[in-house]
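Only one structure is covered here, and it is reproduced in the block below.
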Number of protein chains: 2
Amino acid sequence: MDIQRPKNITIFDVAQASGVSYSTVSRVLNGFAFVKESTRLKVLEAAETLGYVANLQARSLAGGKSRVIGLLVPQLDNGYINEICRGIDQELVKAGYDLMLYTTHHEKDKEAKYVKAITNGLTDGLLLLVPLVQASYLAMLRSQNYPYVLIDQGDITGESSIVDATNRQGAYDATRYLLELGHRRIGFIAGIKEVNSTKERLEGFKAALQEYGLLLDETLIAQGFFDAESAIQATNLLLGLEPRPTAIFASNDLSAFGAMEAIRKANLRIPEDISVIGFDDIPQASITYPKLTTVRQPLDQMGRVAVKLLLEQIQNPDLEPRRVTLATQLVVRDSVRAFS
Amino acid sequence: MDIQRPKNITIFDVAQASGVSYSTVSRVLNGFAFVKESTRLKVLEAAETLGYVANLQARSLAGGKSRVIGLLVPQLDNGYINEICRGIDQELVKAGYDLMLYTTHHEKDKEAKYVKAITNGLTDGLLLLVPLVQASYLAMLRSQNYPYVLIDQGDITGESSIVDATNRQGAYDATRYLLELGHRRIGFIAGIKEVNSTKERLEGFKAALQEYGLLLDETLIAQGFFDAESAIQATNLLLGLEPRPTAIFASNDLSAFGAMEAIRKANLRIPEDISVIGFDDIPQASITYPKLTTVRQPLDQMGRVAVKLLLEQIQNPDLEPRRVTLATQLVVRDSVRAFS
DNA sequence: CATAAATTTGCAAGCGCTTGCAATAAGGAA
DNA sequence: TTCCTTATTGCAAGCGCTTGCAAATTTATG
């Protein structure tokens, strides 16, 4: 390229300006201990006046930390993911880290390839927010002792740090809430089968029913995929049942929205004719009409905690994997009413 | 760190495996023209079997392209931004680029600092999705001839590539629509003053009124900040007016949601008592009840076009700045009804 | 078949930074 | 004041890659 970019200010310039060697500058900038206070100040001042900004690639190439962490997500168009991202971002900013975002678009190979590129690449650590982690690259990450944290997903090996929420308890609470309000025929819209939270939520649902001595009617469980589309289908199925369920528990809010839409289209009222309860409490949940009663997952907090775990792991690579499970909470709004 | 990370596979390994020099490998990998087909194949095969993945830092440090582009956004919790991001992401993936995400959280200094770090850093180009671009770093970007594109924001100098939408026309259309339905007292919730789109939308609003020979009643224009909170305030103000407006035009959907909430709290019905129209058509707009009538901005498309412009600019740095203005479109749903 | 021209390839330098190790300066104890 | 520590600093190597330039190889031409 023949364009004349102004020469970047490097560590050498700072060194020259402050009359020390470049290694000393490097040490100052990296908060090294053995630097005389007076030199430290000199260097810092020079850096400031020159407007020096470190070159990340060089730093990271030379073996230093890049202060960038990678985040792997399936896609972006999803309140659930966005919320978690928000938490991640907040905490990262606080810690002075930058974010590299990788969207996999559900392409398996891409995930694996990304993980490879990422680990030999720029980032100091990796956050995985993909519904189905592939054991293969998890193993790879572990074998390289590369710091990573799984968000809202299990790892059978138990060797990964994980942040999730009390899915089972949350579903149990929601179901109990419906039961206490007199509902006995509760439709359940399940999520993607293989995903951890799907299973846990279904378990919680079943547990509550059992506790009430109710026999599980399998026809009341409809398959969904955590999105509105599939939930509409599922709801239509449920609405066709005889007798019709008096309440629907959707495995996540997106599904609940789908359910609401289907219900309205069937000319039924929410909650007068049928109650709806969701899971997640994404921001949209409070702007629907009626506002959605749902189980709140502290999504942003999950993101924040994940970052904390990751950063600690980066600090101390020998840390044992940990699992943090945050509490869910029933958020009562307007989409559920007592059945009598 | 004493952890023994397995040695990464470098370009040298590939060179050795294929029996050529490392520079040749580099040329092959970068699609250089002057390489014999047979060597090309040899190298490619070796790279494949070794599972070679280029080290981005090294590449970019050495002056090559990183195939990463930076995206600067104020924050993440916003359907509007998320939608644009989605478009950006889609197009980027298609082109084989990765995304580095920077959130400024509205801190001015941070923006400037980021821009600096970014340009001397990893990315090949920059997408700016910040409501108020600061002339200072825009100038800096330009002086370095660093490729960048502004999304949904103006630049007085006219020297930036820009992607935006027909704000004026959209607002005009929406207002006309209300007028044609018989509304004569239309409240307007404005956005952040300094922002380009705020002005354009207000202009469109006024233009339509004028065309109908209506005198502008300044009290009908309430100040908002593009968020629900401020819109609630603004709406309360408007509802207090005598006579009450029969419709409210919110400068964006978020504001419209705030308006809806305030209206409901005032025990008025939408659209029976008062109509509401928004701007943007973020995904939430279609799940509110009643579903929001709004002016659709092709947000994801804006993101995609921005990427295209940027990529072209990266390809050819001498390209003149261009401006692409995408058409908005009135989306009629359920929050507006005729006034008689 | 020799030789110039065109096509390929390899070498070396260098991108900006970290870090082990050696060198120097400073501080104490003798 | 001298010598041994200890605190600071500087040097040089090297992280993995691109690229200008020269060398080597091939092809075309007379």
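Proteins come first, then strands; the chains are lettered A, B, ... in the order of their sequence lines, and each starts at number 1. The figures that follow rest on heavy atoms only: side chains count, while hydrogens, waters and symmetry mates do not.
Proximity note for A:Val35 (side chain, C-beta onward) versus C:dC15, D:dT9, C:dC17: the nearest is D:dT9. With C:dC17, C:dC11, D:dT18 as the choices, the nucleotide that has an atom nearest any side-chain atom of B:Arg27 turns out to be C:dC11. Nearest to the side chain of B:Phe12, among D:dC17, C:dC17, D:dC15, sits D:dC17. Which of D:dT9, C:dT19, D:dT18 sits closest to the side chain of A:Ser26 comes down to C:dT19. Nearest to the side-chain atoms of B:Tyr22 among the listed nucleotides C:dA12, C:dC15, D:dT9 stands C:dA12. Closest contact between the side chain of B:Val20 and the listed nucleotides C:dG10, D:dG16, D:dT18 involves C:dG10. Listed candidates were C:dT9, C:dG10, D:dT9. Nearest to the side chain of B:Ser21 is C:dG10.
A:Pro321 and A:Ser161 make their closest contact through CA-OG, 3.4 Å (heavy atoms, listed as atom of the first residue, atom of the second, distance). The two atoms that bring B:Val14 and B:Leu50 nearest to each other are N-CD2, 4.2 Å, heavy atoms only.
Checked by distance alone, A:Ser23 brings a side-chain donor or acceptor within 3.5 Å of a matching partner on the base of D:dC11.
Between A:Thr24 and D:dG10, a side-chain N or O to OP1/OP2 separation shorter than 4.0 Å is present. When the side-chain nitrogen and oxygen atoms of A:Arg59 are compared with OP1 and OP2 of C:dG16, none of them lie within a distance under 4.0 Å. For D:dC15, neither phosphate oxygen OP1 nor OP2 lies less than 4.0 angstrom from any side-chain nitrogen or oxygen of B:Thr10. Remark: B:Asn55 is not in phosphate contact with D:dC15, judged by side-chain N or O atoms under 4.0 Å from OP1 or OP2.
Regarding B:Phe34, its CZ atom lies at a distance of 14 Å from the C1' atom of D:dG20, rounded to whole Å. Counting to the nearest Å, the C1' atom of D:dT19 and the CG atom of B:Leu61 are 14 Å from each other. Rounded to whole Å, atom P of C:dC17 lies 10 Å from atom CG of A:Asn30. Computed from coordinates, the A:Leu56 CG to C:dC15 P distance equals 18 Å when rounded to whole Å. Going from atom CG of A:Leu50 over to atom P of C:dG16 covers 14 Å, rounded to whole Å. The distance from atom CZ of A:Arg40 to atom P of D:dA7 is 18 Å, rounded to the nearest whole Å. Rounded to whole Å, atom C1' of D:dG14 lies 15 Å from atom CD of B:Gln57. Atom CD of A:Glu37 is separated from atom P of C:dA25 by 21 Å (rounded to the nearest Å).
Where B:Tyr52 and B:Lys36 each meet DNA chain D at their nearest nucleotide, the meeting point lying more 5' is that of B:Tyr52. Projected onto DNA chain C by closest heavy-atom contact, B:Ala58 and B:Gly19 fall at different nucleotides, the more 5' of which corresponds to B:Gly19.
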Inset, instruction - Kindly determine whether B:Glu91 and B:Lys94 satisfy salt bridge (Lys or Arg N to Asp or Glu O under 4.0 Å), including the steps that lead there. - result: CA-CA 5 Å; B:Glu91 198 66 31; B:Lys94 220 188 290 174; 3.5 Å; yes
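Of the possible donor and acceptor atoms, none in the side chain of B:Gln313 sits under 3.5 Å from a partner among the backbone N and O of B:Leu311. Looking only at distances, a side-chain donor or acceptor of A:Arg67 sits under 3.5 Å from a matching main-chain atom of A:Gly96.
When only modelled atom types and interatomic distance are considered, A:Tyr148 and A:Thr123 share no side-chain donor-acceptor pair under 3.5 Å.
Looking at heavy-atom distances under 4.0 Å, B:Ser60 makes no contact with the nucleic acid at all.
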